[in-house]
Undergrad: 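The structure under discussion is supplied below as structure tokens; questions concerning it will follow.
First the proteins, then the strands, lettered A, B, ... as listed; each starts at 1.
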Number of protein chains: 2
Amino acid sequence: MKATLLLHTALRHFAQHGYEGASLQEIAQDVGIKKPSIYAHFRGKDELFLSAMTYALDTQKIHLATYFISTRHLSLEQSLKGFFEWFLEESTQNDQLKFILRISYFPPVKLEREVTDLINPFFDSLHRHLTRLLRERDRTEQLLFSDDYASAALAYLTVTEGTMTEFVYNGVEAYQRRFTAVWPIFWRGLVR
Amino acid sequence: MKATLLLHTALRHFAQHGYEGASLQEIAQDVGIKKPSIYAHFRGKDELFLSAMTYALDTQKIHLATYFISTRHLSLEQSLKGFFEWFLEESTQNDQLKFILRISYFPPVKLEREVTDLINPFFDSLHRHLTRLLRERDRTEQLLFSDDYASAALAYLTVTEGTMTEFVYNGVEAYQRRFTAVWPIFWRGLVR
DNA sequence: GTTCACCTTCCTAACGGTCGTTAGTTAACA
DNA sequence: TGTTAACTAACGACCGTTAGGAAGGTGAAC
């Protein structure tokens, strides 16, 4: 009970202050316990961080996948485009995604290896999932310009991340401004 | 002399470890002086950070502008596309760009306001510069699909940042993979 | 049904270490 | 003579971590 609360609180602090900037003192205070009590649940700061990370990746991996599954009945464009809005709505209350974005780009130096080993499978899985989605959809809808689905998926990921990180730092308006600007161009380049 | 050396060294440390993660001790050691000697040049860590930031923004603002000026004789596509390669080459030895990217997305919490006030004009200026470039080029080349040059510039910035941040974290290969994937699609969506 | 050992979870106190910062001093230089 | 830039020493604050103990629950032994 307190352990998962610790996980969630730590997640939020790491997302906002980074690994070095987050303090066990403040995390414990947010949870409502004293700092040393954290050690009843985790070996130390490293384990807390890596546990939070594993937890966030596992949860969000499923979470992202279910979005694309739940929009199977929509057109490909609606599904891909809608993902941006869905993600925006998610992120306003989903600290895990912010956390993942932050530590993906700027992992703590001393845990770089461990972070990479956890993150890479996550994005690889997302990439594979998208590639498969594009291939399957194109078989029925036949609207993509190129059949290099892996590249298309990677391009899509690049555009989403470019706008998402904008959201993390500059907020909703900047995010939507970017999306409005980039989507028509990207989609026009993607289809026949 | 030592002051600018401090600025450069601090820049590198902040880029690699973030504000909280960077230590004055290590910065001083890299420069070859003792930690308190920093205070002969800067009021403290905050001023060192903000000075480094101002310096980096000023330098890179000019640096980015000169690229687009120096490629005036090339086609628009060559100029825009070449920027990615240019940036890649730059970034391998240009800590200032890495620094700017990092603190743009994840500024130190306690200096968030100051960072935003410095960063926003930088990106605004870049955006305006690109918008003007697109408008001027399109007057002669007439190859863009839409005349909403501001949106086109913003979309271009989104794509560049999406790939650039990929470079910061995942290195050259990932960067080039992304660029190869996203550029044909983006360009196809941009022109008639 | 009571007792006893054990484990979990929290606590207080304190550790060694590093942090950014300040005071006070010295040598070089204008 | 005053200023600059470096130094040593030391400050208080906070860092992550450990030791040791109190409270509560669980479960087996009697």
Side-chain angles (χ1 to χ4, degrees), chain A residues 1-56 99 102-103 106-115 118, chain B residues 1-56 99 102-103 106-115 118:
Chain A
M1 187 66 64
K2 276 276 169 64
T4 61
L5 181 57
L6 260 172
L7 231 45
H8 281 94
T9 308
L11 214 49
R12 228 176 46 242
H13 281 252
F14 285 133
Q16 196 171 5
H17 303 95
Y19 177 83
E20 289 93 350
S23 132
L24 293 186
Q25 169 96 296
E26 292 180 15
I27 293 172
Q29 193 171 312
D30 258 27
V31 170
I33 60 176
K34 301 296 176 186
K35 184 173 58 163
S37 304
I38 294 177
Y39 289 75
H41 304 275
F42 301 94
R43 283 179 179 281
K45 195 180 188 182
D46 290 8
E47 195 186 285
L48 178 60
F49 178 84
L50 292 174
S51 297
M53 189 171 159
T54 309
Y55 174 69
F99 173 75
R102 173 162 201 159
I103 61 164
F106 305 111
V109 181
K110 63 175 288 202
L111 295 177
E112 207 160 4
R113 170 82 60 83
E114 289 87 340
V115 168
L118 287 171
Chain B
M1 188 62 66
K2 275 276 168 64
T4 61
L5 181 55
L6 260 172
L7 230 43
H8 281 94
T9 308
L11 214 50
R12 227 176 48 241
H13 281 252
F14 284 132
Q16 195 171 5
H17 301 96
Y19 177 82
E20 289 91 351
S23 134
L24 293 186
Q25 169 97 296
E26 292 179 16
I27 293 172
Q29 193 172 313
D30 257 28
V31 171
I33 60 176
K34 301 296 176 186
K35 182 173 58 161
S37 305
I38 294 178
Y39 288 75
H41 304 275
F42 301 94
R43 284 180 178 282
K45 195 181 188 182
D46 290 8
E47 195 185 286
L48 178 59
F49 178 83
L50 291 174
S51 296
M53 189 170 158
T54 308
Y55 174 69
F99 173 75
R102 171 161 202 162
I103 62 165
F106 305 109
V109 181
K110 62 173 289 201
L111 296 178
E112 208 161 4
R113 169 82 59 82
E114 290 86 339
V115 168
L118 286 171

Undergrad: Could you tell me the separation between the CG atom of Leu50(A) and the C1' atom of dG16(D), rounded to a whole number of Å?
TA: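 Value for this atom pair: 15 Å.
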Undergrad: Report yes if a side-chain nitrogen or oxygen of Ser37(B) is closer than 4.0 Å to either non-bridging phosphate oxygen (OP1 or OP2) of dC7(D); otherwise report no.
TA: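 Checking dC7(D) against Ser37(B), a side-chain N or O does come within under 4.0 Å of OP1 or OP2.
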Undergrad: Shortest non-hydrogen contact from Leu24(B) to Ile38(B)?
TA: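 Distance-wise, the nearest heavy atoms are O-CD1, 3.7 Å.
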Undergrad: Does the side chain of Asp30(A) reach to within under 4.5 Å of the side chain of Arg12(A), using non-hydrogen atoms?
TA: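 The answer is yes, as the side chains (C-beta and beyond) meet within the 4.5 Å cut-off.
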Undergrad: Using the ring of each side chain (for Trp, its six-membered ring), is Phe14(A) parallel, tilted or perpendicular to Phe99(A), with breaks at 30° and 60°?
TA: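 Plane angle between 30° and 60°, so tilted.
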Undergrad: Quick one: closest heavy-atom pair of Ile103(A) and Val115(A), and the distance?
TA: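 Shortest heavy-atom contact: O-CG1, 3.8 Å.
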Undergrad: Kindly compute the distance separating CD (Gln16(A)) from CD (Glu26(A)), expressed to the nearest 0.5 Å.
TA: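 Going from the CD atom of Gln16(A) to the CD atom of Glu26(A) covers 9.5 Å.
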Undergrad: Nearest 0.5 Å, what's the CG-OG distance between Leu6(B) and Ser37(B)?
TA: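 Reported value, rounded in 0.5 Å steps: 9.0 Å.
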Undergrad: Does the ring of Tyr39(B) carry Lys45(B) above it, NZ/CZ under 6.0 angstrom from centre and within 45° of its axis?
TA: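 No, a cation-pi geometry is absent between Lys45(B) and Tyr39(B).
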Undergrad: Look at the side-chain N and O atoms of Lys34(B) and state whether any lies under 4.0 Å from the OP1 or OP2 oxygen of dA6(D).
TA: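 For Lys34(B), the contact criterion (side-chain N or O under 4.0 Å from OP1 or OP2 of dA6(D)) is not met.
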Undergrad: Whole angstroms only, please: what is the CD-C1' distance between Gln25(B) and dC14(D)?
TA: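 One finds 16 Å between C1' of dC14(D) and CD of Gln25(B), rounded.
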Undergrad: From the options dA19(D), dC7(D), dA5(D), select the nucleotide whose nearest atom is closest to the side chain of Ala40(B).
TA: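 Among the listed nucleotides, the one closest to the side chain of Ala40(B) is dA5(D).
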Undergrad: Can you find a pair of side-chain heavy atoms, one from Tyr19(A) and one from Val109(A), that are under 4.5 Å apart?
TA: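 They are not in side-chain contact.
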Undergrad: Could you tell me whether Gln29(A) atom CD has more than 12 heavy atoms of other residues or ligands within 6.0 Å of it?
TA: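 No - once you tally the heavy atoms of other residues, nucleotides and ligands closer than 6.0 Å, there are 12 at most.
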Undergrad: Mapping Lys35(B) and Tyr39(A) to their closest nucleotides on DNA chain D, which lands nearer the 5' end?
TA: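 Looking at the nearest nucleotide for each, Lys35(B) comes out on the 5' side.
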Undergrad: Please report the distance, rounded to the nearest Å, between CG in Leu48(A) and P in dC15(D).
TA: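 Rounded to whole Å, this separation is 14 Å.
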Undergrad: Could you list where the contact with chain B starts and ends along DNA chain C, reading 5' to 3', using a 4.0 Å heavy-atom cut-off?
TA: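 That gives a stretch of dC19(C) to dT22(C).
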Undergrad: Ile38(B) has an atom CD1; how far is it from atom C1' of dT4(D), in whole Å?
TA: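 It is 17 Å, rounded to the nearest whole Å.
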Undergrad: Between dT17(D) atom P and Phe42(A) atom CZ, what is the distance in whole Å?
TA: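 For the pair Phe42(A) CZ and dT17(D) P, the rounded distance is 13 Å.
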Undergrad: Can you list, in residue-number order, the parts of residues 2-23 of chain B that come under 4.0 Å of DNA chain C, counting heavy atoms only?
TA: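 Ala22(B), Ser23(B) - these, ordered by number, are the residues of the stretch whose heavy atoms sit under 4.0 Å from the strand.
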